[in-house]
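First comes the structure, then the notes that go with it.
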Number of protein chains: 2
Amino acid sequence: MAYTVKKLAQISGVSVRTLHFYDEIGLLKPAYYGENKYRYYEEEQLLLLQQILFFRELKFNLNDIQRIMGSDDFDKIDTLLAHKKILKDDLSRIQSMLRTIDKTVSHLWGKTKMSEQEIFDGVRPHDDKKQKDYETYLLDKKIMTQKDLEQSWKRVENWQKEDWEKFHKSGDELNQSLAVAVEKNLAPESAEVQKLIRRHYEMVNYFWTPNKETYIGLGNLYREHPDFQKYYAKFHPQLVEFLIKAMKIFAERNL
Amino acid sequence: MAYTVKKLAQISGVSVRTLHFYDEIGLLKPAYYGENKYRYYEEEQLLLLQQILFFRELKFNLNDIQRIMGSDDFDKIDTLLAHKKILKDDLSRIQSMLRTIDKTVSHLWGKTKMSEQEIFDGVRPHDDKKQKDYETYLLDKKIMTQKDLEQSWKRVENWQKEDWEKFHKSGDELNQSLAVAVEKNLAPESAEVQKLIRRHYEMVNYFWTPNKETYIGLGNLYREHPDFQKYYAKFHPQLVEFLIKAMKIFAERNL
DNA sequence: TATTGACTCTCACGTTACGTCATACCTTAT
DNA sequence: ATAAGGTATGACGTAACGTGAGAGTCAATA
């Protein structure tokens with residue numbers, strides 16, 4: 001019961017080309033060749049191939065696999081343990097890369113916050129009474145916890161007037177772009193709009209990290225509260241609903 | 001104060017060849033060329049190079065870096081956050097590789113130390129009456145032919161108790177993994193689950209080679225027969241249905 | 001000034017593990 | 001007999017350079 005290349009390929013999940021290649025480099029030779037030059041494999045080769053693929057999954061290169069296949073179990077243990085060290089190094093390198101990314105993102109955020117200033121709208125410093133109103137809503141609906149709110153406030157405790165200006169400017173720019181999108185009849189699920197929503201999400205994320213439900217909940221706040229309605233209506237009458245729809249889609253796709 | 005290739009290379013820690021290459025692909029052009037065709041760089045290029053190297057460290061490929069360098073900070077943030085997801089995936093893949101290595105090493109260690117045997121489940125030698133039941137089903141539904149059955153039996157005619165134990169152990173291990181997958185809410189079409197199904201397919205393939213229809217038919221046998229139901233329920237109540245779904249997907253994709 | 005050593009340039013092939021044609025032969029079923 | 005599908009052997013492409021080869025250039029020294 002010999003396998004042809006295609007059959008072996010299907011069973012083991014590799015390509016025919018891979019089998020050709022493994023033959024070529026001597027990693028896995030067929031059991032025999034037909035006189036038509038066809039390659040025929042048997043159970044033994046299937047088992048060998050499975051071992052090869054096992055090591056390949058572990059990111060061994062084919063040269064090493066070649067060596068491993070000809071070695072005994074003691075050697076295999078050695079090799080595996082040596083490989084483990086390499087993987088651990090990879091691991092910690094990736095971890096440090098992740099930290100670097102986080103730092104860079106927040107740095108860039110700060111930079112965009114600090115960029116030039118145009119007056120699109122006057123500065124609107126916080127009205128504490130209303131703010132509390134929103135907070136009550138967010139807490140009631142379990143969109144944010146008390147801890148979330150505190151951390152969020154800590155983010156801005158050192159902000160100067162200038163910082164608030166930049167912040168509002170970023171938001172206004174974003175909403176202006178969204179208003180254009182509404183005007184152009186773009187769909188909330190279109191790639192362009194979703195990219196803008198991602199910007200919205202990133203801005204929010206700077207203060208607090210929403211999940212699927214809470215991000216949608218935040219959208220609802222925009223609808224419920226007259227102040228938000230008014231704010232968004234300045235850009236476009238249909239913007240609130242459009243934004244909420246787009247946020248929902250974004251949340252369902254990405255969060 | 002222009003740098004020649006070698007000087008810039010030394011300062012930035014790359015090779016001269018790299019600078020040649022970056023010039024060639026347009027990633028970093030020198031400030032100007034001398035009439036001797038020499039490349040001359042200035043501070044501006046040094047800063048650009050440092051940015052390039054920053055992203056290179058984060059494992060961006062040069063194409064992406066090229067794009068990044070021409071984009072604004074918002075786009076950079078997007079790109080970085082997208083990249084972060086990729087890195088996180090890499091991270092968890094490496095973590096699972098480390099676990100696999102540990103398991104393999106201890107397995108090999110056990111093997112070399114003694115030809116141990118673990119009792120995962122008692123041996124269940126065949127009950128002939130029931131077996132005939134299954135065979136009738138398989139023949140009726142044209143899932144296997146008489147010839148298939150005979151060949152399949154020939155495979156096991158020389159099996160010893162040990163062989164059956166090993167066989168059952170493999171099966172149990174596989175089902176255990178699948179049960180974990182169910183528990184983790186993995187989708188039947190996910191790569192992880194499909195890899196497990198491939199193992200199932202290979203085990204079946206040892207006895208008989210199913211095609212798309214018959215492999216799906218085999219799945220149905222599992223649902224129809226109370227013995228199979230009971231067997232799979234031992235691992236997880238939803239396992240049968242999950243397995244059948246996953247087998248169907250596997251068959252449609254690979255057979 | 002001539003020479004030497006360090007530096008530069010432009011090809012161009014090698015690397016890894018295959019993917020992707022191209023072209024031609026083989027097998028199997030209708 | 002013809003068509004469909006499998007198989008074989010090239011041979012080029014990939015990513016990001018490393019590593020020469022052969023030839024011209026620059027700066028310092030004898």
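Per chain, numbering begins at 1; letters A, B, ... match sequence-line order. Predicted model only: the values in this text are computed from it and were never measured.
- Per the geometry, NZ belonging to A:K7 stands 10 Å off P belonging to D:dG6, to the nearest Å.
- With a 4.5 Å cut-off on side-chain heavy atoms, B:E42 and B:L46 do not count as touching.
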Requested in this report: List the steps, then state whether side-chain contact (heavy atoms from CB on, under 4.5 Å) holds for A:T79 with A:D64.
Outcome: CA-CA 9 Å; A:T79 311; A:D64 289 344; 5.9 Å; no

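- Not one side-chain nitrogen or oxygen of A:K37 sits closer than 4.0 Å to the OP1 or OP2 atom of D:dA8.
- The aromatic rings of B:F55 and B:F60 stand perpendicular to each other, their planes meeting at an angle above 60°, with 30° marking the opposite boundary.
- Under 4.0 angstrom from either OP1 or OP2 of C:dC7 there lies no side-chain N or O belonging to B:T4.
- Nucleic acid contact for A:V16: none, since no nucleic acid atom lies under 4.0 Å from a heavy atom of the residue.
- Place B:Y40 and B:R56 on DNA chain D by their nearest nucleotides, and B:R56 ends up nearer the 5' end.
- Between A:T18 and the phosphate of C:dA17, there is no side-chain N or O to OP1/OP2 separation shorter than 4.0 Å.
- Taking every side-chain heavy atom of B:L62 into account, D:dA16 is the closest of C:dC9, D:dA16, C:dC18.
- Listed pair B:Y33 / C:dC9 fails the phosphate criterion, with no side-chain N or O lying under 4.0 Å from OP1 or OP2.
- Not one side-chain nitrogen or oxygen of A:N36 sits closer than 4.0 Å to the OP1 or OP2 atom of C:dC25.
- An OP1 or OP2 oxygen of D:dA8 is reached within less than 4.0 angstrom by a side-chain nitrogen or oxygen of A:H20.
- Here A:Y33 and A:Y40 keep their ring centres 6.0 angstrom or further from each other.
- In this structure, CZ of B:F55 is placed 19 Å from C1' of D:dA15, rounded to the nearest angstrom.
- Under a cut-off of 6.0 angstrom, the local environment of NZ in B:K245 is sparse, with at most 12 non-hydrogen atoms contributed by other residues, nucleotides or ligands.
- Atom CZ of B:F21 and atom C1' of D:dG20 are 18 Å apart (whole Å).
- Picking from D:dA11, C:dA17, C:dT8 the nucleotide with the shortest atom distance to the side chain of A:R17 gives D:dA11.
- Look at B:R39 and you won't find any side-chain N or O under 4.0 angstrom from OP1 or OP2 of D:dT25.
- We find that NZ of B:K59 is positioned 12 Å from C1' of D:dA15, with the value rounded to whole Å.
- The side chain of A:S15 contributes no N or O atom lying less than 4.0 Å from OP1 or OP2 of C:dC18.
- For C:dC18, one of the phosphate oxygens OP1 or OP2 lies less than 4.0 angstrom from a side-chain nitrogen or oxygen of A:Y22.
- Rounded to an integer number of Å, the gap from B:Y3 OH to D:dC26 P is 21 Å.
- What separates CG of A:N61 from P of C:dC18 is a distance of 11 Å, to the nearest Å.
- In this structure, B:E35 places its CD atom 15 Å from C1' of C:dC9, rounding to the nearest Å.
- Between B:Y222 and B:Y232, a ring centre-to-centre spacing shorter than 6.0 Å is recorded.
- If you take NZ of A:K6 and C1' of C:dT28, they are 14 Å apart, rounded to a whole angstrom.
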